[in-house]
Trainee: 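Have a look at this one before I ask anything.
Computed from a predicted model, the values in this text were never measured in an experiment.
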Amino acid sequence: MTQAELIAALPEGRLPPALMALHATDLVALFGLGLLLGALCCALVLPLLARPVPLRARLRAVRSLEPEARLLAIARILGRLPDELRAAAYGAAPPPGAEAIERIALKARRARR
């Protein structure tokens with residue numbers, strides 16, 4: 001018994017035989033659904049595959065900020081403000097130079113590990 005005969009033998013109330021066959025529009029819809037599912041899978045996996053930005057690059061990215069804002073950004077990057085920079089952050093001492101701030105931040109990161 002072929003598939004067409006089997007469908008023809010089904011009682012009334014079932015789907016018509018024309019709906020049981022795949023047409024070009026059905027194939028295009030399935031292809032589009034596959035693309036959407038693939039894009040969703042990529043969007044879910046991409047954060048797991050992305051490389052983290054190195055600490056030095058993040059510290060260099062905040063060089064253009066004002067000294068006070070830069071100290072706050074460094075505290076946000078490191079998770080805490082190094083002890084050597086606390087006086088400058090609160091205005092009790094002048095802020096050190098850009099290279100000194102980066103050196104202190106990197107040293108504090110290594111000491112914390």
Trainee: The criterion is side chain to side chain contact (heavy atoms under 4.5 Å, CB included); which residues satisfy it with P96, sequence neighbours excluded?
Mentor: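 Scan of P96 (side chain to side chain contact (heavy atoms under 4.5 Å, CB included), adjacent residues dropped) gives L85, A88, A100, I101.
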Trainee: Given F31, which of V28, L33, L35 fulfils the side chain to side chain contact (heavy atoms under 4.5 Å, CB included) condition?
Mentor: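 Checked V28, L33, L35 against F31; only one passes side chain to side chain contact (heavy atoms under 4.5 Å, CB included): L35.
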Trainee: Same cluster or not: L71 versus L55, using hydrophobic residues (I, L, V, M, F, W, Y) connected whenever any side-chain heavy atoms lie under 4.5 Å apart?
Mentor: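 Result: yes, single cluster for both.
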Trainee: So which pairs with a foot in residues 37-61 pass salt bridge (charged side-chain N to carboxylate O under 4.0 Å, His left out), sequence neighbours left out?
Mentor: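 Pairs touching residues 37-61 that pass the test: none.
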Trainee: Quick one: name the residues clustered hydrophobically with V45, using the 4.5 Å side-chain heavy-atom rule over I, L, V, M, F, W, Y, and just say none if it's on its own.
Mentor: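 The other cluster members (ILVMFWY side chains, heavy atoms under 4.5 Å, direct or chained) are L49.
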Trainee: Just to verify, what does A4 make a side chain to side chain contact (heavy atoms under 4.5 Å, CB included) with, not counting sequence neighbours?
Mentor: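 Side chain to side chain contact (heavy atoms under 4.5 Å, CB included) check on A4 returns T2.
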Trainee: Kindly state each residue pair satisfying side chain to side chain donor-acceptor pair (under 3.5 Å) with at least one member in residues 81-102, sequence neighbours excluded.
Mentor: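 For residues 81-102: R63-E102, R70-E102, D83-R86.
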Trainee: Got a sec: does the CD of E5 have more than 12 other heavy atoms crowding it under 6.0 Å?
Mentor: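 Counting neighbours around CD of E5, more than 12 heavy atoms of other residues, nucleotides or ligands fall under 6.0 Å, so yes.
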Trainee: Who clusters with L36? Use side-chain heavy atoms, under 4.5 angstrom, across I, L, V, M, F, W and Y, and order the result by chain and number.
Mentor: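 Members other than L36 - counting any ILVMFWY side chain reachable under 4.5 Å - there are none.
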Trainee: Measure the CD1-CG distance between I104 and L78 for me, rounded to the nearest 0.5 Å.
Mentor: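 So the gap between those two atoms works out to 11.5 Å.
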